[in-house]
Each structure stands twice: as structure tokens, then as C-alpha cells.
Amino acid sequence: MAYDYEYFKKAIYDLTKIDLNAYKEKQMKRRIDTLIAKNRVVGYDKYIEALKSNSNMFDEFVNYLTINVSEFYRNTDQWKLLDQDIFPDLIKRYGKNLKIWSAACSTGDEPYSLVMALSRHLPLNQIKIYATDLDKQVIAKAKAGLYAEKSIAGVPDDLKKKFFTKVGPSYQISEEVKSRVEFKEHNLLKDTYPTDYHMIVCRNVLIYFTEEAKDEVFRKFQNSLKPGGYLFIGSTEQIINHKEIGFDRKNSFFYQKPL
């Protein structure tokens, strides 16, 4: 039989439960072909066998497949709006015990940013962020909480001074911030979504998904939010059919589920 990309997608789903049909094919196939060539494997069938028998290669594949580009306070103007408008509105409406989900959280920059931003409004011991990602390797990096100077460049100076310690060339985030985040593995395309959240943050991830997959995820996010809750998306994204899904657009990157 011909071991083509269609065969490969099915085999990868059986092996990892990652549905490559939900990703833009040309872009994803190019990434995978590059990785196969790097490992000097010939053919999709041989690569599948290698993934089954070599745990290091398997981990490398999942890590490579899940695009992890992240930084603290990415797009600082949006975080200012979160600080000045969105958090005060949520606290006024729901009180201090907010349920916030950082979906596809990558190496932890985003959920830790949420903790620090919320600490301007609430005591740390009242903050809890639920953070999920498909890739257990990046979750491990997130739990370690060690970051390059470039990653934390956007953090406001007072928070940087308060919550980071320099360790060699890197920066370690404080245990008091780390302890406010619960990390778990979660596949946005397959797993059940948690419910009754006041805010969901999912930024610069869905741009790699097909339009159909994006639509499905946005609808599930809408169902996961309480009435009046917010979805915070990335600067490269927009929800064109937000009204049909059941969102009011508050500005370019914040969508609210109507009360």
C-alpha cells in the first residue's frame, strides 16, 4: 500500500489522539516532513514505527507538532485593557472567586501572567487559574517556571521585581505565583470541556486550525462560559461569526457571553 499523508494522519490519531485533519494541511505537512528528514527516517510508515518504539522521538514529535510560541504579557495593550476593564467588571459581577481557564497554555507564560495581573485586584491566595495544554513536555516546562530574559520582557517592572528571581542567565518565577496555577493535559479537539468559567483565555493557537475546527472550539468555549463571562483571544485572531455562536464583541480580542 502507499503510505501517504492520509495514512499518516490516521496512524497519528490512533497513536496520539491528535487529529491532524483539524490543522491547515500544507503548513502542518511541511513541518512534519522537515522533522522526518531531520531524524533521517525514510517514509511515513517507518516514522510511525519509530514513534512507537522510541519514546524520545515520540516526545519530540508531539512537542514539535504543538506550536509553542509564548511570552509573558504578550501584546501589552490587551493586558492593560484586561487590567483596567475586564477584571474589574468580572469582580464586580461575580466577586473574588473567579474561575479562569488558560487553554493551550504552552510553557506557562500566559497563566502566570494572569495570576500576576489579577494580583493587582485580589490577594494571591484567592486566585486560581486552570491551565491546560496538549503537550506534556511544555506542561513540565511550565511547572519548572524558568524563563529566558526575552520571555519576561513584557512583564511590568514592579511585578517582575516582586515575582522573579534571577538564576544565572534565566529568571525563576516565585512559588507563590506557581502555586496558584493547576496544570493538566487537555486536547481541545477531542476532550470534554470544563464548565462554568468566568473567563477563558486562548490566544494565538487556533490560527493553525481549519475554519471548521476553529468554529467548533469557539462554540465549545461559549458553552463553557457562564453568562457574562469573557473569551480572550490573540491579536492574530477574530471570530467572524461571533453573533451566530452567541458572543457579543467587546473589542477586537474580548468576546462576552450575553447575560
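Everything quoted here is computed from the prediction, not taken from an experiment.
- L15 and L35 fall within the same hydrophobic cluster, where Ile, Leu, Val, Met, Phe, Trp and Tyr residues are linked whenever their side-chain heavy atoms come under 4.5 Å apart, directly or through other members.
- By the neighbour-count criterion of 12 heavy atoms within 6.0 Å, atom CD of E149 is sparsely surrounded, having that number or fewer from other residues, nucleotides or ligands.
- With hydrogens and angles disregarded, a donor-acceptor distance shorter than 3.5 Å links the side chain of T34 to the backbone of R30.
- V41 and Y7 fall within a single hydrophobic cluster, where Ile, Leu, Val, Met, Phe, Trp and Tyr side chains are chained together by heavy-atom contacts under 4.5 Å.
- No side-chain heavy atom of D133 sits less than 4.5 Å from a side-chain heavy atom of T107.
- Here K184 contributes atom NZ and D191 contributes atom CG; the two are 11.5 Å apart, rounded to the nearest 0.5 Å.
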Check against side-chain contact (heavy atoms from CB on, under 4.5 Å), K150 and E71: CA-CA 8 Å; K150 183 182 178 184; E71 62 191 54; 5.9 Å; no
Quick one, T210 with N21, criterion side-chain contact (heavy atoms from CB on, under 4.5 Å). Give me CA distance, side-chain angles, the key distance, then yes/no. CA-CA 8 Å; T210 63; N21 288 311; over 6 Å; no
In sequence, state the C-alpha distance, the side-chain angles, and the governing distance for E25 and K9, and then conclude on side-chain contact (heavy atoms from CB on, under 4.5 Å). CA-CA 10 Å; E25 183 159 315; K9 286 190 292 186; 3.0 Å; yes
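- The aromatic ring centroids of H242 and F218 lie 6.0 Å or more from each other.
- Side-chain N or O atoms of Q256 include none that pairs as donor or acceptor with a backbone N or O of D248 at under 3.5 Å.
- Side chains of D83 and P88 form no contact here, defined as non-hydrogen atoms less than 4.5 Å apart.
- One side chain, R203 or N75, offers a donor N or O that lies under 3.5 Å from an acceptor on the other.
- For the atom pair CG of N187 and OG1 of T192, the computed distance is 11.0 Å after rounding to the nearest 0.5 Å.
- The distance between the ring centers of W101 and H198 does not fall below 6.0 angstrom.
- Atom CD1 of I129 and atom CE of M199 lie 9.5 Å apart (nearest 0.5 Å).
- At least one cation-pi condition fails for K214 and F209: the charged atom is not both under 6.0 angstrom from the six-membered ring centre and inside a 45 degree cone around its axis.
- Using a distance-only test at 3.5 Å, with no hydrogens or angles considered, no donor-acceptor pair links the side chain of S102 to the main chain of C105.
- Checking D33 against Y5 by side-chain atom types alone, no donor-acceptor pair falls below 3.5 Å.
- Expressed to the nearest 0.5 Å, how far CZ of F72 lies from CZ of F163 amounts to 11.5 Å.
- There is no path of hydrophobic side-chain contacts, each under 4.5 Å, that joins V138 to L146.
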Show, in sequence, the C-alpha distance, side-chain angles and deciding distance for R74 and E110, and conclude whether the salt bridge (Lys or Arg N to Asp or Glu O under 4.0 Å) test is met. CA-CA 8 Å; R74 190 174 183 180; E110 185 176 275; over 6 Å; no
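- In this structure, L90 and G228 approach most closely via the heavy-atom pair CD2-O, 4.1 Å.
- With no hydrogens or angles considered, no side-chain donor-acceptor pair links E60 and N54 at under 3.5 Å.
- E176 and R180 are not joined by a salt bridge, as no carboxylate oxygen comes within less than 4.0 angstrom of a charged side-chain nitrogen.
- Taking the six-membered ring for Trp and thresholds of 30 and 60 degrees, F254 and F232 have nearly parallel ring planes, at less than 30 degrees apart.
- Note that CD1 of I91 and NZ of K96 are 8.5 Å apart. Values are rounded to the nearest 0.5 Å.
- Because its NZ or CZ atom is both nearer than 6.0 Å to the ring centre of Y171 and within 45° of the ring axis, K166 counts as a cation-pi partner of that residue.
- Between S119 and L124 the shortest heavy-atom distance is CB-CD2, 4.1 Å.
- Q238 and R249 are not linked by any side-chain donor-acceptor pair at a separation below 3.5 angstrom, with hydrogens and angles left out of the test.
- F253 and Y230 have their aromatic ring centers separated by at least 6.0 angstrom.
- Annotation: side chain of D215 is in contact with side chain of I245 (closest heavy-atom distance under 4.5 Å).
- L51 and Y13 fall into different hydrophobic clusters, where Ile, Leu, Val, Met, Phe, Trp and Tyr are joined by side-chain heavy atoms under 4.5 Å apart, directly or via other members.
- Scanning all heavy atoms of the two residues, the minimum distance from A103 to L188 falls at CB-CD2, 4.2 Å.
- Under the 3.5 Å distance criterion, the side-chain polar atoms of Y112 are matched with a main-chain donor or acceptor of A142.
- Between the side chain of S224 and the main chain of P194, a donor-acceptor pair closer than 3.5 Å is present.
- Between I139 and E185 there is a side-chain heavy-atom pair separated by less than 4.5 Å.
- Remark: the backbone N or O of L189 is not paired with any side-chain donor or acceptor of E216 at under 3.5 angstrom.
- At a threshold of 4.5 Å between non-hydrogen side-chain atoms, the residues Q222 and F247 count as touching.
- Linking ILVMFWY residues whenever their side-chain heavy atoms come closer than 4.5 Å, directly or via other members, places L134 and F58 in the same cluster.
- You'll find the side chain of I239 reaches within 4.5 Å of the side chain of L231, heavy atoms only.
- A salt bridge links R120 with D158; the closest basic N to acidic carboxylate O contact falls under 4.0 Å.
- Distance alone, capped at 3.5 Å, places no donor-acceptor pair between the K143 side chain and the K178 backbone.
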Please report the C-alpha distance between F164 and Q172 in whole Å, then the side-chain angles of each, then the deciding distance to 0.1 Å, and finally whether the side-chain contact (heavy atoms from CB on, under 4.5 Å) criterion is met. CA-CA 5 Å; F164 286 93; Q172 175 75 58; over 6 Å; no
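- To the nearest 0.5 Å, atoms CD1 (I36) and CZ (R31) are separated by 13.0 Å.
- Looking at D45 and F8, their side chains never come closer than 4.5 Å, going by heavy atoms from C-beta outward.
- Between the T76 side chain and the Y73 main chain, no donor and acceptor come within less than 3.5 Å of each other.
- A heavy-atom distance below 4.5 Å is not found between the side chains of L225 and Y255.
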